[in-house]
Amino acid sequence: MSAAGDATAHHTGSWKMSYFLNEDQRLMRDVAAKFARNELMPIANQIDLTETTPEWVTNRCGELGFLGVFIPEAYGGLGSDLTTACLILEEIAKASPAFAGLLSVEMILCPEVVRILGNEEQKQRLLPASASGERVMAYSQTEPAGAANVAFHQTRLTQDGNGYRLNGHKLFCTQGHAKTYLVMCRTEKDGAQGYGCVIVEAEDEGFQVQKYEEKLGWRGTNTGPIAFTEVAISADDILGNILSGGPDHAPANQVSFIGHAATSLGCMEGLFDLTKEYVLQRELYGEPMTRLSPVTDRMAQIWTKIEACRSLLYMSTRMHDEGGLTLPMGSACKAYICETAFECTSQLLQMWGGSGIMHSTGVNRYMRDARAKMVAEATTEMHHSIIAGTIGLGGPFASLADRLG
Ligand SMILES: Cc1cc2nc3c(=O)[nH]c(=O)nc-3n(C[C@H](O)[C@H](O)[C@H](O)COP(=O)(O)OP(=O)(O)OC[C@H]3O[C@@H](n4cnc5c(N)ncnc54)[C@H](O)[C@@H]3O)c2cc1C
């Protein structure tokens, strides 16, 4: 069995935060930690190597309440706060950062888009089924013109009698076992009024998953291009009012960025715990490896960086949960924690010597997942651009602060 699969590492991490957590938050964190350790860790390396996540994993997340944790109780969820959602993602990422990335999309981003943009009928239709895992959702924005370059996006919603038609194609859509797609598109109008979101079902005629990409990291999440050819869209499938301008779903993105940062925190902690166990038992030159001061020095530095990221993350979730702004804290968390996770996982990998390079140990996937996270859900540079715009330095995202207040 792999080193990662064998591991019974003592997971520390969010346990340090217990003092700040309420009983519900501690309970959900413990349930997630148990699931991650006992059910996910044994197959985490297989998910990475085969690029396949069994559907039961998603179903189990529905049963355990994870998929509905951030969905209001009125729509079949647990109505918990962002702190709880992030604690779950952090624990799950310790075992499989790739699956945690997918879960973040299904648990936070998609339900938030529906909660913010949807009318009552759409929320009742989509959210309870998403919470149970019966009908999880995917979010599709990126096009060949660039993810954030929405003015140049080509996927179009056009009027057709009493209904509408959707045509176009999207890149890099992370789908897992999604049955419902939230698709960003343009209408015939120009400008902000002409950009918004429609609901497409996997079984809709004219919808096609073109392929699943083989990826460096975040493997097993079914990411790939999707296409729409004359897909019939009824007025009930338009989220918000893109035809005349409606609420902006950018707050959903900001909250989602924090969820992704939580997965990167868990990613570095997961590898830290495995590496700590490894260096404690490994002997070099007849002595424990921990007698080498560069090892303990580096581990201490990484531990400190992890704790700095934890402070940034949970300070931001608390701000959110107490009604404070998430802009630009979502971007700050996403950029800083994801960059730090790549730096730390790369250094931790080095301590495994040749064993870290071999896929069979299940160690290098943490570094590859951390690397993919620096691009997925907007690159670090895009997040810096959002931060710059928000703090008054101008640039392409300067209007975000005004729009979101
Ligand atoms: C594993 C994975 C999963 C993904 N899942 C999804 C998904 O589910 N749904 C979805 O819609 N998309 C998804 N994506 C797409 C992802 O959001 C985009 O790849 C990412 O936002 C970058 O956009 P791009 O690929 O178009 O790069 P580009 O926009 O072409 O960027 C190219 C370069 O320009 C830089 N750049 C771009 N804009 C700016 C700016 N404003 N300021 C400074 N530098 C900038 C970038 O940092 C990058 O270095 C996924 C991507 C990956 C890797």
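First listed ligand is number 1; within each ligand, the first listed atom is number 1. Side chains included, hydrogens not; waters and symmetry mates left out as well; all remaining heavy atoms used.
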- Message: Would you compute the distance between atom CH2 of W352 and atom OG1 of T275 and round it to the nearest 0.5 angstrom?
- Response: 5.5 Å
- Query: Does R135 come within less than 4.0 Å of E203, counting only side-chain N to carboxylate O?
  - Reply: yes
- Query: Quick one: nearest non-hydrogen protein atom to atom 8 (O) of ligand 1, plus distance?
  - Reply: T174 N, 2.8 Å
- Query: Do you see a donor-acceptor pair shorter than 3.5 Å between the side chains of Q175 and Y181?
  - Reply: yes
- Task: Check whether any protein heavy atom sits under 4.0 Å from atom 50 (C) of ligand 1.
- Result: yes
- Query: Among protein heavy atoms, which lies nearest atom 52 (C) of ligand 1, and at what distance?
  - Reply: A376 CB, 3.7 Å
- For atom 34 (O) of ligand 1, state whether the nearest protein heavy atom is under 4.0 Å away. no
- Task: Decide whether the shortest distance between a heavy atom of A148 and an atom of ligand 1 is less than 4.0 Å.
- Result: no
- Message: Under a 3.5 Å threshold, yes or no: a donor from one side chain and an acceptor from the other, between T84 and D81?
- Response: yes
- Nearest protein heavy-atom contact for atom 26 (O) of ligand 1: which residue, which atom, what distance? A147 N, 2.8 Å
- Message: Any salt bridge linking R37 with E91? Criterion: basic side-chain nitrogen under 4.0 Å from a carboxylate oxygen.
- Response: no
- Item | contact_flag V105 ligand 1 heavy-atom lt 4.0 Å | no
- Task: Give the residue, atom name and distance (to 0.1 Å) of the protein heavy atom nearest atom 20 (C) of ligand 1.
- Result: V375 O, 3.4 Å
- Heavy-atom distance from atom 1 (C) of ligand 1 to the protein below 4.0 Å? yes
- Item | Atoms of ligand 1, numbered as shown, that sit under 4.0 Å from any heavy atom of G146 | 26 (O), 29 (O)
- Shortest protein heavy-atom distance from atom 31 (O) of ligand 1, along with the residue and atom involved: M382 CE, 4.3 Å
- Provide the number and element of each atom of ligand 1 under 4.0 Å from a heavy atom of Q141. 10 (C), 11 (O)
- Could you list which atoms of ligand 1 come closer than 4.0 Å to a heavy atom of A378? 17 (O), 21 (O)
- Query: Nearest protein heavy-atom contact for atom 48 (C) of ligand 1: which residue, which atom, what distance?
  - Reply: T379 CG2, 4.3 Å
- Note on the structure: Closest to atom 9 (N) of ligand 1 among protein heavy atoms sits Y139 O, 2.8 Å
- Distance-only side-chain donor-acceptor flag, K170 / T142, under 3.5 Å: no
- Is the closest side-chain donor-acceptor distance between N167 and E230 under 3.5 Å? yes
- Message: Assess, by modelled atom type and distance only, whether the side chains of R26 and N22 contain a donor and an acceptor separated by less than 3.5 Å.
- Response: no
- Task: Please could you name the atoms of ligand 1 that S140 approaches to less than 4.0 Å, counting only its heavy atoms?
- Result: 11 (O)
- Message: Please list, in number order, the atoms of ligand 1 under 4.0 Å from a heavy atom of P396.
- Response: 41 (N)
- Task: Please say whether F172 places an N or O atom under 3.5 Å from an N or O atom belonging to ligand 1.
- Result: yes
- Message: Any nitrogen or oxygen of K215, side chain or backbone, less than 3.5 Å from one on ligand 1?
- Response: no
- Message: Ring centroids only, cut at 6.0 angstrom: are F257 and H383 within range, meaning strictly under it?
- Response: yes
- Among non-hydrogen protein atoms, atom 41 (N) of ligand 1 lies closest to S385 OG, 3.4 Å
- Message: Closer than 4.0 Å to some heavy atom of F397 - which atoms of ligand 1 meet that?
- Response: 41 (N)
- L265 and its side chain to side chain contact (heavy atoms under 4.5 Å, CB included) partner, picked from T340, L313, L312, L89: L313
- Which atoms from ligand 1 have a heavy atom of E377 less than 4.0 Å away? 17 (O)
- Message: Counting only nitrogen or oxygen atoms and a 3.5 angstrom limit, does T142 reach ligand 1?
- Response: yes
- Message: Under a 4.0 Å threshold between the charged nitrogen and the carboxylate oxygen, would K305 count as salt-bridged to E307?
- Response: no
- Message: Taking the side chain as everything from C-beta on, heavy atoms only, tell me whether L103 gets closer than 4.5 Å to T58.
- Response: no
- Any side-chain donor paired with an acceptor under 3.5 Å for S256 and E112? no
- Task: Please state whether the rings of H249 and Y139 are parallel, tilted or perpendicular, taking 30° and 60° as the class boundaries.
- Result: tilted
- Query: Considering only heavy atoms of E381, which atoms of ligand 1 have at least one such atom less than 4.0 Å away?
  - Reply: 42 (N), 43 (C), 44 (N), 47 (O)
